[in-house]
Amino acid sequence: MEVKGVIKSIGTTEQITDTFSKREIIIDISDNATYPSPVKFEVHKDKTALLDKFNVGDSVEVSFNMNGKEYKDKNGDVKYFTTLSIWKIVESLPY
């Protein structure tokens, strides 16, 4: 999947385990300032360095995978979460 937008924030790299790290980035994918649509994406492991050359306010195009996971919380209730994992990010022309 691909989407274009403007970077709203870039997080720092979090070392989750010895072999797994992640970094979050928020990208506003709306082309209408009245109705912003900030979406959280993640990069994992060696891909965290992809974000080093970008800054807040940059227009970008991201290629990503969407993954879902089901789990049971401590009460036994089934919960779901979705992860948008970037595998490519490039500068793009503004809308």
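Computed over heavy atoms, backbone and side chain alike; hydrogens, waters and symmetry mates excluded. Note that the structure is predicted; figures quoted are calculated from it, not measured.
His44 NE2 to Lys22 NZ: the interatomic distance, rounded to the nearest 0.5 Å, is 6.5 Å. Ile27 contributes atom CD1, which lies 11.5 Å from atom OG of Ser37 (distance to the nearest 0.5 angstrom). Atom CD of Glu91 sits about 12.5 Å away from atom NZ of Lys4, to the nearest 0.5 Å. In this structure, NZ in Lys45 is found 14.5 Å from OG1 in Thr13, a value given to the nearest 0.5 Å.
Summarising the geometry of Pro36 relative to Ala33, their closest heavy-atom pair is CD-O, 3.6 Å, with the distance given to 0.1 Å. Residues Ser92 and Val60 approach most closely at CB-C, 3.6 Å, considering heavy atoms. Nearest heavy atoms, Thr48 versus Ser21: CG2-OG, 4.1 Å.
In this structure, Gln15 contributes its side chain and Thr17 its backbone to a donor-acceptor pair below 3.5 Å. When atom types are taken as modelled, the side chain of Ser30 and the backbone of Tyr35 share a donor-acceptor pair closer than 3.5 angstrom.
A continuous path of Ile, Leu, Val, Met, Phe, Trp and Tyr side chains, each step under 4.5 Å between heavy atoms, connects Phe64 with Ile29, placing both in one hydrophobic cluster. Neither Ile26 nor Val6 shares a network with the other; the hydrophobic side chains, linked directly or stepwise wherever heavy atoms of I, L, V, M, F, W or Y lie under 4.5 Å apart, form separate groups for each. Tyr71 and Ile16 fall into different hydrophobic clusters, where Ile, Leu, Val, Met, Phe, Trp and Tyr side chains are chained together by heavy-atom contacts under 4.5 Å.
Using a 4.5 Å heavy-atom cutoff, the side chains of Ser63 and Ile86 are not in contact. Looking only at side-chain heavy atoms (C-beta outward), Ile7 and Asn55 stay at 4.5 Å or farther from each other. Contact check for Arg23 versus Ile10: side-chain heavy atoms found under the 4.5 Å cut-off. Looking only at side-chain heavy atoms (C-beta outward), Val39 and Leu84 come within less than 4.5 Å of each other. At least one side-chain heavy atom of Asn65 sits less than 4.5 Å from a side-chain heavy atom of Asn67. The side-chain heavy atoms of Val43 and Ile25, taken from C-beta on, include no pair separated by under 4.5 Å. Taking the side chain as every heavy atom from C-beta outward, Val3 and Phe41 approach each other to under 4.5 Å.
By the 4.0 Å N-to-carboxylate-O rule, Lys8 lies too far from Asp58 to be salt-bridged with it.
Note on residues 73-89: pairs passing side-chain hydrogen bond (donor to acceptor under 3.5 Å, both in side chains), not counting sequence neighbours, are Glu70-Tyr80.
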